[in-house]
Amino acid sequence: MVSVSRFPPDPDRVEEIFARLARVMPEPKTELNFTNPFTLVSAVALSAQATDVGVNKATTALFAVADTPQKMAALGVEGLTPYIASIGLYRNKAKNLIAMSQILIERHGGEVPLNRADLQALPGVGRKTASVVLNELGIEPAIAVDTHVFRVSHRLGLANANTPDKVEAQLHQVVPEHWLPKAHHWLILHGRYTCVARRPKCEACVISDLCPARPDLMAARA
DNA sequence: ATCCCGAGGG
DNA sequence: CCCTCTGGAT
């Protein structure tokens with residue numbers, strides 16, 4: 001077993017990877033439905049270990065009824081649960097979303113605080129969710145490391161660490177500044193539609209020739 | 001390290 | 001059937 005170290009990657013290769021992703025996806029954005037910072041945080045929190053398609057299915061009805069902390073808090077856990085019961089981990093999420101709404105009302109004037117410390121202090125909001133919100137709203141460029149970013153980064157040799165936090169740090173070292181704001185979306189979307197977990201669609205991949213994990217290389221290595 | 005936890009795809 | 005999906009709290 002020849003152990004080829006993929007990390008750190010060659011800067012020119014990294015530049016070319018993002019240049020091509022930029023060509024294929026010029027204006028990447030989240031596929032979660034939201035109308036304001038509150039529905040954004042809510043949707044992202046609900047998306048933990050769930051597909052955004054499934055989350056959107058639930059939030060379409062939910063946000064029509066509750067798109068503010070006040071309305072959400074008024075629903076209560078009992079009122080909220082039916083809307084999100086189709087989403088995984090829904091009991092925790094219901095409890096967190098109601099508690100979050102109450103805190104927003106009591107401590108933040110009914111507004112979503114747009115800084116990392118206050119966001120991560122909210123129930124159900126960790127580093128990953130906060131990063132998505134801050135990046136999506138243009139507050140600060142952040143790379144939220146979810147299952148897609150983790151997998152794609154490893155395959156491309158953009159990271160080799162074994163935890164999301166370490167992978168995030170490696171990506172900040174490796175990804176050029178000018179690609180940073182959109183890098184998160186590109187890695188996600190590439191992972192969701194092309195570099196999928198089970199049978200990556202390398203035939204349809206625009207960066208397969210730049211990928212250390214592409215099938216021919218893996219075969220040659222074995 | 002472990003729990004939470006449903007839908008969709010293969 | 002098993003795996004995956006924009007994790008967080010304990």
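Throughout, protein chains are lettered first and strands after them, A, B, ... in sequence-line order, and every chain is numbered starting at 1.
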Exercise. With no hydrogens and no angle check, do the side chains of E168(A) and H184(A) hold a donor and an acceptor under 3.5 Å apart?
Worked result: no

Exercise. Any side-chain donor-acceptor pair under 3.5 Å between T81(A) and R91(A)?
Worked result: no

Please give the distance between the [atom1] atoms of [N] and [M] as a whole number of Å.
N: dT6(C); M: dC3(B); atom1: P; result: 24 Å
N: dG8(C); M: dA7(B); atom1: P; result: 22 Å
N: dC5(B); M: dT4(C); atom1: C1'; result: 13 Å

For this session: Flag the pair L122(A) / L104(A) as yes when at least one side-chain heavy-atom distance between them is below 4.5 Å, and no otherwise.
Result: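 A side-chain contact under 4.5 Å exists here.
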
Exercise. Heavy-atom distance under 4.5 Å between the side chains of V174(A) and F7(A), does that happen here?
Worked result: yes

Rounded interatomic separation in angstrom, taking [atom1] from [X] and [atom2] from [N]:
X: Y193(A); N: dG9(B); atom1: OH; atom2: P; value: 12 Å
X: I84(A); N: dG6(B); atom1: CD1; atom2: P; value: 11 Å
X: I87(A); N: dA7(B); atom1: CD1; atom2: P; value: 10 Å

Exercise. Does anything in residues 137-175 of chain A pair up under ring-ring contact (aromatic ring centres under 6.0 Å, His included), and if so which pairs, sequence neighbours excluded?
Worked result: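 Every ring-ring contact (aromatic ring centres under 6.0 Å, His included) pair that includes a residue of residues 137-175 of chain A, provided the two are not neighbours, is F150(A)-H154(A).
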
Seminar exercise, completed: Contact string for nucleotides 4-10 of chain C, one letter per nucleotide 5' to 3', B = base within protein heavy-atom range under 4.0 Å, S = sugar-phosphate only, - = neither, reads SBBBSS-

Problem set entry | Closest-nucleotide ordering on DNA chain B, the 5'-leading residue of R91(A) and K57(A) |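 Nearest nucleotide further toward 5': that of R91(A).
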
For this session: Calculate, to the nearest 0.5 Å, the distance between atoms CG and CD1 belonging to D12(A) and I17(A) respectively.
Result: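 With rounding to 0.5 Å, CG (D12(A)) is 11.0 Å from CD1 (I17(A)).
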
For this session: Describe the nucleic acid contact of A85(A) in one word from base, sugar-phosphate, nothing, applying a heavy-atom distance below 4.0 Å.
Result: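 The residue A85(A) makes sugar-phosphate contact but no base contact.
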
